[in-house]
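Residue numbers start from 1 in every chain, and the chains themselves are labelled A, B, ... in the order their sequence lines are given, proteins ahead of strands. Fair warning: this is a prediction, and the values are worked out from it, not measured in the lab.
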There are 2 protein chains.
Amino acid sequence: MDKIDIKQLAKDLNLSTSTVSRAFRGNSDINAKTKERILARARELNYQPNLYASSLRERKSKTIAIVVPELANNFFSQAIRGIEQVAREKGYHTLIYVTDDEYQKEVSFIDNMSNGRVDGIIMSASGESKDHNYLNKLKKKHMPLVFFDRVYDDIDVAKVTTNDYDSSFNATRHLIAAGCRRIAFLVINKSLSIGKMRVQGYIDALKAEHIPFNEDLIIDCSNDHRKNYNILSKVMKTLKPDGLFAAVERLAIASYYVCHDLGIAIPRKVKIISFSSLEIAPLLNPSLTTITQPALEMGIKAAQLLFRSLETSAPVHDQVVLKSKIIPRKSTSA
Amino acid sequence: MDKIDIKQLAKDLNLSTSTVSRAFRGNSDINAKTKERILARARELNYQPNLYASSLRERKSKTIAIVVPELANNFFSQAIRGIEQVAREKGYHTLIYVTDDEYQKEVSFIDNMSNGRVDGIIMSASGESKDHNYLNKLKKKHMPLVFFDRVYDDIDVAKVTTNDYDSSFNATRHLIAAGCRRIAFLVINKSLSIGKMRVQGYIDALKAEHIPFNEDLIIDCSNDHRKNYNILSKVMKTLKPDGLFAAVERLAIASYYVCHDLGIAIPRKVKIISFSSLEIAPLLNPSLTTITQPALEMGIKAAQLLFRSLETSAPVHDQVVLKSKIIPRKSTSA
DNA sequence: TTGTACGCGTTATCAA
DNA sequence: TTGATAACGCGTACAA
């Protein structure tokens with residue numbers, strides 16, 4: 001009763017393996033009754049076609065990869081949910097890869113996918129915009145790739161992003177309207193596409209509001225909480241900004257810790273706004289004003305693009321831009 | 001330059017496929033220089049052995065499944081990190097499945113894994129303790145399974161849990177010491193093993209402290225935020241507890257929302273403690289007292305048990321119990 | 001140390 | 001409608 005394969009099942013039923021196989025494939029002609037009989041017996045014996053044999057034979061895995069920088073983050077977990085939803089409908093499985101924001105892991109994951117493990121990849125980038133040769137290999141192998149949120153500009157594939165420039169512009173004006181004049185912009189990777197857009201929106205909003213732009217107020221942070229804590233402590237003590245604009249959720253969190261510890265009152269002394277999908281933003285002390293991205297929709301859209309490529313066997317190059325929403329809360333109240 | 005297989009590579013090198021194959025397998029005898037030559041050329045041509053062919057041939061996938069109820073949760077994302085860490089060391093890949101706390105999805109995932117897709121499964125259960133026949137099938141197929149945190153008592157496999165009873169007992173005493181006399185216990189699934197343990201710790205602590213136990217104060221909640229919000233609103237208005245003990249993080253979050261909206265001051269009017277791995281518990285308003293589980297270690301331990309089973313080809317039945325830690329914060333200050 | 005040949009479990013093609 | 005057979009790409013006896 002151990003491992004049962006198609007041959008044993010066929011013998012048990014006095015049928016050929018081809019007939020049995022047909023019972024499991026939707027299309028081929030097969031007598032409805034024999035099909036019933038086969039499937040019934042298969043259930044009894046707990047038979048399922050071996051995935052690896054099928055994939056080998058059909059030259060596809062019915063599996064897609066999702067590559068994200070981190071998991072413990074509402075934005076990504078919602079996006080993943082959206083992707084999985086679509087994949088499930090299409091009968092595909094999903095493989096999740098977490099890079100922990102390490103570029104090297106991203107490279108290694110992608111390299112390990114070219115062996116046919118997956119039929120396509122949906123990714124939010126982790127790295128610096130450096131050497132993307134590992135991604136070009138994918139194209140050679142006709143492995144479709146779709147980016148969402150964090151993209152590499154120099155890679156010509158389908159991308160799903162949000163209107164980062166506009167959001168950033170509006171968020172900056174929101175701070176200014178709340179009375180801020182000395183706004184620090186906290187960013188992790190200025191050079192990554194998403195960082196660039198967000199910085200530019202900030203700079204242009206300052207200009208539009210006739211507030212002089214000060215290069216020193218663009219604060220380069222890291223992915224390490226400890227380092228960020230130190231960087232931001234110094235910023236608060238020496239630069240004394242009256243507004244903080246976090247390009248990434250974790251920088252808002254770090255700012256909260258610093259302000260709590262230094263006894264800097266939010267929003268009285270400093271106002272904070274952040275790109276964030278944090279569900280419990282309303283419960284923070286004080287509640288955090290966020291620019292929230294439509295994470296679920298982004299995931300769904302990205303998956304749809306990937307499947308269009310998979311189904312047409314043709315590359316897809318759509319650039320989809322969805323809209324984020326600013327949700328004002330106490331951290332920026334005047 | 002499209003898809004390249006072992007034959008083409010072999011021809012290119014004037015070698016046989018077996019020799020090429022050997023270059024990629026650790027063990028077999030092969031001349032060091034030819035191996036070098038093969039690997040070098042493989043890199044050039046971007047060749048990688050086809051996963052499905054290998055798996056079919058070797059009858060294993062070098063992949064394990066991780067099944068969790070949810071992703072947007074620090075506990076699970078840390079546990080996953082632990083599991084992946086171990087898996088990576090062993091050269092295994094991980095497949096993450098999210099059930100959204102739906103028992104049916106769990107069943108369907110597991111059923112879909114028996115086809116050789118994975119070599120083993122690490123799971124935190126989603127369901128009610130009902131029909132576990134789908135799990136018994138795994139045993140028949142010699143597919144090892146390890147539970148962590150949320151387990152089914154009636155399934156005899158390796159399990160990694162925390163000292164839930166003790167933690168619950170101590171947490172209840174913590175509330176009592178802070179002055180609570182009317183403590184509501186919020187739970188999602190009383191019948192699931194983990195719920196039972198936590199409830200019992202609560203009940204026994206009341207007894208030990210000579211506080212009468214009131215059945216009505218055990219509040220059965222759901223996985224739906226909206227429903228929980230309504231349930232808890234009613235609880236706060238009618239039962240007027242002075243302490244809330246949340247068996248699960250999301251119930252603490254829901255409680256916060258309710259108290260904020262009803263203007264019930266925490267901790268003055270009601271004190272709250274919760275099982276939770278929330279990283280930003282200190283930033284909540286007020287900061288949340290938590291019972292925090294060693295999520296990463298649990299993941300690592302679970303993975304180690306699974307690999308022991310995989311490596312020895314024998315079932316493993318260890319019951320590992322790790323310790324949680326109570327971290328007092330403002331939500332329970334006297 | 002290398003090569004030959006078979007089989008892993010499926011499915012598609014073709015013939016019956 | 002069903003059955004026989006070849007092939008998917010690889011790894012390993014076995015022979016050389």
Side-chain angles (χ1 to χ4, degrees), chain A residues 2-39 41-42 45-63 91 112-119 141-143, chain B residues 2-39 41-42 45-63 91 112-119 141:
Chain A
D2 204 17
K3 306 234 178 181
I4 178 163
D5 62 15
I6 200 172
K7 276 184 211 158
Q8 298 172 48
L9 182 56
K11 187 174 293 178
D12 181 284
L13 288 159
N14 269 324
L15 288 170
S16 74
T17 58
S18 345
T19 309
V20 174
S21 174
R22 276 189 273 260
F24 285 91
R25 324 253 343 124
N27 42 352
S28 313
D29 312 294
I30 184 174
N31 183 301
K33 278 180 194 162
T34 37
K35 179 170 178 178
E36 266 317 305
R37 199 160 64 90
I38 293 170
L39 293 181
R41 188 71 181 134
L45 296 180
N46 200 23
Y47 166 79
Q48 280 183 275
N50 179 290
L51 171 79
Y52 293 92
S54 300
S55 293
L56 176 58
R57 182 59 231 238
E58 299 187 67
R59 290 132 155 276
K60 55 184 181 175
S61 61
K62 286 270 187 182
T63 304
N112 273 300
M113 282 173 205
S114 336
N115 60 0
R117 175 176 281 274
V118 297
D119 297 340
K141 300 219 175 187
H142 300 121
M143 169 98 70
Chain B
D2 204 15
K3 307 231 176 182
I4 178 165
D5 63 14
I6 199 171
K7 274 185 213 157
Q8 298 172 48
L9 182 56
K11 186 174 292 178
D12 181 283
L13 289 159
N14 268 324
L15 287 170
S16 76
T17 58
S18 20
T19 309
V20 174
S21 175
R22 276 189 271 261
F24 285 91
R25 324 259 340 132
N27 42 351
S28 313
D29 311 295
I30 185 174
N31 182 303
K33 277 180 192 160
T34 37
K35 180 170 177 177
E36 267 317 304
R37 197 159 66 90
I38 293 170
L39 292 180
R41 188 70 182 135
L45 295 180
N46 200 24
Y47 165 80
Q48 280 184 277
N50 178 290
L51 171 78
Y52 294 92
S54 302
S55 293
L56 177 59
R57 180 61 232 245
E58 297 188 68
R59 290 132 155 280
K60 53 183 184 176
S61 62
K62 287 271 186 180
T63 304
N112 274 300
M113 282 172 204
S114 337
N115 60 0
R117 177 177 279 274
V118 297
D119 297 341
K141 300 219 175 185

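Residue A:N31 holds its CG atom at 10.5 Å from CD of A:E36, rounded to the nearest 0.5 Å. Put simply, OG on B:S18 and CZ on B:R22 are 5.0 Å apart, with the number rounded to the nearest 0.5 Å. The distance from the OG atom of B:S114 to the CG atom of A:N50 is 11.5 Å, given to the nearest 0.5 Å. B:I4 contributes atom CD1, which lies 11.5 Å from atom CD of B:Q48 (distance to the nearest 0.5 angstrom).
In this entry the distance linking CG of A:N14 with P of D:dT1 reads 20 Å, nearest Å. Distance CG (A:D29) to C1' (D:dT2): 10 Å, rounded to an integer number of Å. Spacing between atom CD of B:E58 and atom C1' of D:dG9 amounts to 12 Å, rounded to whole angstrom units. Rounded to whole Å, atom P of D:dG11 lies 13 Å from atom NZ of B:K7. As a whole-Å value, the separation of B:I6 CD1 from D:dT12 P is 11 Å. Taking atom CD1 of residue B:I4 and atom P of nucleotide D:dC8, one finds them 15 Å apart after rounding to whole Å. The separation between A:L13 atom CG and D:dG3 atom P is 10 Å, rounded to whole Å.
At the phosphate of D:dC10, OP1 or OP2 sits under 4.0 Å from a side-chain N or O atom of B:Y47. A:R59 has a side-chain polar atom (N or O) that falls below the 4.0 Å cut-off from OP1 or OP2 of D:dG9. In terms of phosphate contacts, B:S54 brings a side-chain nitrogen or oxygen within less than 4.0 Å of OP1 or OP2 of D:dG11.
Chain B approaches DNA chain C over the interval C:dT1 to C:dG9, counting the first and last nucleotide 5' to 3' with an atom under 4.0 Å from its heavy atoms.
A:L56 comes within 4.0 angstrom of a nucleotide base, judged by non-hydrogen atoms across all strands. Contacts of A:R22 with the nucleic acid, taken as non-hydrogen atoms under 4.0 Å apart, include base atoms. Note on A:Q8: nothing from the nucleic acid sits closer than 4.0 angstrom, heavy atoms only. Heavy atoms of A:S55 sit nowhere under 4.0 angstrom from any nucleic acid atom. When heavy atoms are screened at a 4.0 angstrom cut-off, B:N50 is found touching the sugar-phosphate backbone but no base atom.
Residues B:K35 and B:A53 each lie close to DNA chain C; by heavy-atom proximity, the contact nearer the 5' end of the strand is made by B:K35. For the pair A:Y52 and B:S16, nearest-nucleotide mapping onto DNA chain C gives the more 5' position to B:S16.
Remark: A:D12 pairs with A:R41 by the side-chain hydrogen bond (donor to acceptor under 3.5 Å, both in side chains) rule, at least two apart or across chains.
Side-chain atoms of B:Y52 and A:N115, non-hydrogen and from C-beta on, never get closer than 4.5 Å to each other.
B:D119 contributes no side-chain N or O that, together with a main-chain N or O of B:K60, makes up a donor-acceptor pair within less than 3.5 Å.
The side chain of A:R57 lies closest to D:dA6 when the candidates are D:dA6, D:dG9, D:dT2.
If you check the side chains of B:T19 and B:S16, you find a donor sitting under 3.5 Å from an acceptor.
For A:S18 against D:dA4, a side-chain-to-base donor-acceptor contact under 3.5 Å is present.
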